[in-house]
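What follows is a set of notes on a single structure, which appears directly below.
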Amino acid sequence: MKRLKIKEVLTGGQVGQQVLVKGWVRTKRGSKNVNFIALNDGSTINNLQVVADVEKFGEELLHNINTSAALGITGELVESMGSGQALELVASEITIYGKSDPEKYPIQPKKHSLEFLRENAHLRFRTATFSAVFRIRHAMAFAIHKYFNDKGFYYLHTPIITASDAEGAGQMFRVSTLPAVEPPLNEEGEIDYTQDFFGRPTNLTVSGQLEGELGATALGEVYTFGPTFRAENSNTTRHLAEFWMIEPEMAFYELKDNMDLAEDFLKYLIRYALDNCMDDLKFLSNRLQQEEKNKPQDQRSMELIEKLQFVLENDFIRCTYTEAIDILRNSKPFKKGKFQYPVEWGIDLQSEHERYLVEKHFKKPVILIDYPKDIKAFYMKQNDDGKTVAAMDVLFPQIGEIIGGSERESDYDKLVKRMEEMDVPTDEMWWYLDTRRFGTVPHAGFGLGFERFILFATGMGNIRDVIAFPRTPKNAEF
RNA sequence: UCCCUAGUAGCUCAGUUGGUUAGAGCGGCGGACUGUUAAUCCGUAGGUCGUAGGUUCAAGUCCUACCUGGGGAGCCA
């Protein structure tokens, strides 16, 4: 008999149908005559209730059916006598693929803290919460490729190992095959990288953007979607040492086109989640509602699905940096001295400022543009005012900066001058500058932190809970 | 990296101004009972109190250092 996924059984199964299902036991409830097994195979958040007659299968077999044991079950679908489900499976044959010792299996049929499950990240997929998160994560990854493919973008694979450290996006992880103890030294007493694998210092990438620009200025519209590495000692709920980033880069796009794309893209993903992941979203939403009950009234946040719909239905606010500074300086917290950090033109906005703008003032996602050039990267297009650059940051409630992007400086002379001002080595970047020497065009792009977006889409609070195997300072288990 | 906070049973926690043999609920195990829904009821096992020092007649409790988790900040996506 062909095995059916539990999702297929629950959505399309007919009473009287003979089926074969395979999966893992979520819970078993025993009694004298009959056992109830909640079986889950990962295809859906919902379990299939299996009814096993004690006399038919015997105590010994049923004794080995514990939480997380792997089973194959053949039987007939019947209308359920219980109230929790419409259909259930009356077992006629049970195969135990793998037992699960209940005294040793760490995940119990009870609520666990996310911290505990993080320490058992190898098994947390077997919980309802994490299976939901990772199904949604998959759906979002798929939707990202679909979105760009449908729009005629090409998926460009930029390198993981790079010799460029010019972007200054953060501390990098060194890639080397030289011995860690007593590496070869040159005449100056420094490590001799000419003897290293690549004959020069190399690192794990912090961004595929610069290479993305090379692709965009020939293929037109490209995007990258790959792992990115930052060796920053960041210990927060929003940072990982290894995370995934989506970086579209488009020729002939100016800042406004870039903003339009970013907003349309985010809304597409949210719509895709609402259309395709509703069971999982409902589960996560209920879970969050339970947690919210323990919080004081004023700290409660909007219900998850409502929040997703809200973002979908409202235009993002577009606001210049200069306007944002005015708003902040006229705000109550500023006048009452509640902000910890100063607010004046030229400073980089702090979390507290961004949160005020997004959560208190506009109460919608905000795209901030035209930042002072001194707080942004060298490659951003310099505006005519001589003070600002065509940068854009998309700010989301709770998460903060979810997208950072800009129109790029396409003028060779302006770019070189800016690089020199900011001590970016122009000689090492000859290949990048060639895009401006040969057929340069206005172009723009942005980077979306995949995990930060998944935080928003799932309502989870810690970035370590939306990536399967989180890499953070002092933690590379599994 | 900085500030705050926590580490006691498999999990979530309680443990008074330092004072006998460190507790509960859940989970596990055994039994009873029942078409059950995180079942219910009865019973039972299970702990070097994060690690290393120190103070004291006496430390889960006080002090110091370190490790790890959580929250916030910085850096950023």
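Only heavy atoms go into these numbers, but all of them, side chains included; no hydrogens, no water, no symmetry mates. Numbered from 1 within each chain, the chains take letters A, B, ... in sequence-line order.
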Next on the checklist: I'd like to know if S234(A) reaches the base of rC76(B) with its side chain, counting only an N/O donor and acceptor under 3.5 Å.
Outcome noted: no

Next on the checklist: Give me the distance, rounded to whole Å, that separates rU21(B) from rC66(B) when you measure between the P atoms they each carry.
Outcome noted: 34 Å

Checklist entry - Which of these, E221(A), R408(A), E213(A), sits in a side-chain hydrogen bond (donor to acceptor under 3.5 Å, both in side chains) with H443(A)? => result E213(A)

Checklist entry - So, E8(A) versus S43(A): side-chain donor-acceptor pair below 3.5 Å or not? => result no

Next on the checklist: Between rC26(B) and rG72(B), how far apart are the two C1' atoms, rounded to whole Å?
Outcome noted: 31 Å

Checklist entry - How would you label the contact of I403(A) with the nucleic acid (heavy atoms, under 4.0 Å): base, sugar-phosphate, or nothing? => result sugar-phosphate

Checklist entry - Rounding to the closest angstrom, what is the interatomic distance between rC42(B) and rG25(B) at atom P? => result 10 Å

Checklist entry - If you check the Q108(A) side chain, which of rC75(B), rG27(B), rC29(B) turns out closest? => result rG27(B)

Checklist entry - In whole Å, what is the span from the NZ atom of K104(A) to the P atom of rC11(B)? => result 16 Å

Item to check | Nearest-angstrom distance from the residue atom CG of N35(A) to P of rC33(B) | outcome: 15 Å

Next on the checklist: So L448(A), base contact, sugar-phosphate only, or nothing? Heavy-atom distance under 4.0 Å.
Outcome noted: nothing

Next on the checklist: Run the side-chain hydrogen bond (donor to acceptor under 3.5 Å, both in side chains) test against Q108(A) and tell me which residues pass, sequence neighbours left out.
Outcome noted: none

Checklist entry - Excluding sequence neighbours, so at least two apart, what forms side chain to side chain contact (heavy atoms under 4.5 Å, CB included) with V343(A)? => result I325(A), L328(A), R329(A), F334(A), F339(A), H353(A)

Next on the checklist: Taking any heavy-atom pair under 4.0 Å as a contact, classify F396(A): base, sugar-phosphate, or nothing.
Outcome noted: nothing

Checklist entry - Do S80(A) and E88(A) have a side chain donor and acceptor closer than 3.5 Å? => result yes

Next on the checklist: Taking the ring centre of each residue, are F148(A) and F265(A) less than 6.0 Å apart?
Outcome noted: yes

Item to check | Set of side-chain hydrogen bond (donor to acceptor under 3.5 Å, both in side chains) partners for K111(A), sequence neighbours left out | outcome: E291(A)

Checklist entry - Can you name the side chain to side chain contact (heavy atoms under 4.5 Å, CB included) partners of A476(A), sequence neighbours left out? => result R471(A)

Next on the checklist: Could you tell me how far apart Y341(A) (OH) and rC75(B) (C1') are, to the nearest whole angstrom?
Outcome noted: 11 Å

Item to check | Along RNA chain B (nearest heavy atom to each residue), the more 5'-positioned of F243(A) and T237(A) | outcome: T237(A)

Checklist entry - Is it true that a side-chain atom of K336(A) and a backbone atom of S331(A) form a donor plus acceptor pair closer than 3.5 Å? => result no

Item to check | Donor-acceptor pair under 3.5 Å, H239(A) side chain vs rC76(B) base | outcome: yes

Next on the checklist: Using a 4.0 Å heavy-atom cut-off, does T236(A) contact any base of the nucleic acid, only the sugar-phosphate backbone, or nothing at all?
Outcome noted: base

Item to check | Dot-bracket encoding per residue of RNA chain B, Watson-Crick/G-U cut-off under 3.5 Å, | denoting interstrand | outcome: (((((((..((((.....[...)))).(((((.......))))).....(((((..]....))))))))))))....

Checklist entry - Closest approach of A121(A) and F469(A), non-hydrogen atoms and distance? => result O-CE2, 4.5 Å

Checklist entry - So does E407(A) pair up with K256(A), basic N to acidic O under 4.0 Å? => result no

Checklist outcome for this item: The correct set of residues in residues 113-136 of chain A placing a heavy atom under 4.0 Å from RNA chain B is S113(A), E115(A), F116(A), R118(A)

Checklist entry - rG35(B) base to E88(A) side chain: any donor-acceptor pair below 3.5 Å? => result yes

Checklist entry - What integer number of Å spans the C1' atoms of rG74(B) and rA14(B)? => result 37 Å

Item to check | P gap between rA59(B) and rG69(B), integer Å | outcome: 30 Å

Item to check | d(CD, E103(A); P, rA9(B)) in whole Å | outcome: 17 Å

Checklist entry - Tell me: CD of Q398(A) to P of rG71(B), nearest whole Å? => result 14 Å

Checklist entry - Looking at the side chain of N233(A), which of rU1(B), rA73(B), rG35(B) is the nearest nucleotide? => result rU1(B)

Checklist entry - Looking for any heavy atom pair under 4.0 Å, which part of the strands does M245(A) touch: base, sugar-phosphate only, or nothing? => result sugar-phosphate

Next on the checklist: Looking at rA73(B), I'd like to know if its phosphate oxygens (OP1 or OP2) sit under 4.0 Å from a side-chain N or O belonging to R238(A).
Outcome noted: yes

Next on the checklist: How many whole angstroms separate atom NE2 of H112(A) from atom P of rG28(B)?
Outcome noted: 10 Å

Next on the checklist: Assuming nearest nucleotide by heavy-atom distance, tell me which of P102(A) and M81(A) is located more 5' along RNA chain B.
Outcome noted: P102(A)

Checklist entry - What closest approach, in Å, do L61(A) and I96(A) show between heavy atoms, and which atom pair accounts for it? => result O-CD1, 3.8 Å

Checklist entry - Among residues 344-367 of chain A, which contact RNA chain B at a heavy-atom distance under 4.0 Å? => result D348(A), Q350(A), S351(A)

Next on the checklist: Counting the benzene-type ring for Trp, do F453(A) and F396(A) have ring centres under 6.0 Å apart?
Outcome noted: no

Item to check | Phosphate OP1/OP2 of rG71(B): any N462(A) side-chain N/O under 4.0 Å | outcome: yes

Next on the checklist: I need the CD1-P distance between I375(A) and rC75(B), as an integer number of Å.
Outcome noted: 10 Å

Output one line per pair: protein atom, nucleotide atom from nucleotides 38-47 of chain B, and distance, for all N/O pairs under 3.5 Å.
| unit_1 | atom_1 | unit_2 | atom_2 | d |
| --- | --- | --- | --- | --- |
| rA39(B) | OP2 | R29(A) | NH1 | 3.0 |

Item to check | Side-chain donor/acceptor of N235(A) to base of rU1(B), under 3.5 Å | outcome: yes

Item to check | side-chain hydrogen bond (donor to acceptor under 3.5 Å, both in side chains) partners of R287(A), counting only residues at least two apart | outcome: T129(A)

Checklist outcome for this item: Here the gap from I94(A) atom CD1 to L71(A) atom CG, rounded to the nearest 0.5 Å, amounts to 6.5 Å

Checklist outcome for this item: Those residues at least two apart in sequence (or on a different chain) that pass side-chain hydrogen bond (donor to acceptor under 3.5 Å, both in side chains) with T458(A) are none

Item to check | Those residues of residues 464-478 of chain A lying under 4.0 Å from RNA chain B by at least one heavy atom | outcome: R464(A), K474(A)

Checklist entry - Hey, does the Lys NZ or Arg CZ of K99(A) hover above the aromatic six-ring of Y105(A), less than 6.0 Å from the centre and inside 45° of the axis? => result no

Next on the checklist: What I want to check is whether the side chains of Y341(A) and E352(A) have a donor and an acceptor closer together than 3.5 Å.
Outcome noted: no

Checklist entry - With a 4.0 Å cut-off on heavy atoms, is Q49(A) in touch with a base, just the backbone sugar-phosphate, or nothing at all? => result base

Checklist entry - When the P atoms of rU16(B) and rC63(B) are considered, how many whole Å apart are they? => result 14 Å

Checklist entry - P atom, rA22(B) versus rU36(B): distance in rounded Å? => result 42 Å

Next on the checklist: Checking Y97(A) now: which residues fulfil side chain to side chain contact (heavy atoms under 4.5 Å, CB included) with it, not counting sequence neighbours?
Outcome noted: K22(A), A70(A), T95(A)

Checklist entry - Expressed as a whole number of Å, how far does the C1' atom of rU55(B) sit from that of rU61(B)? => result 14 Å

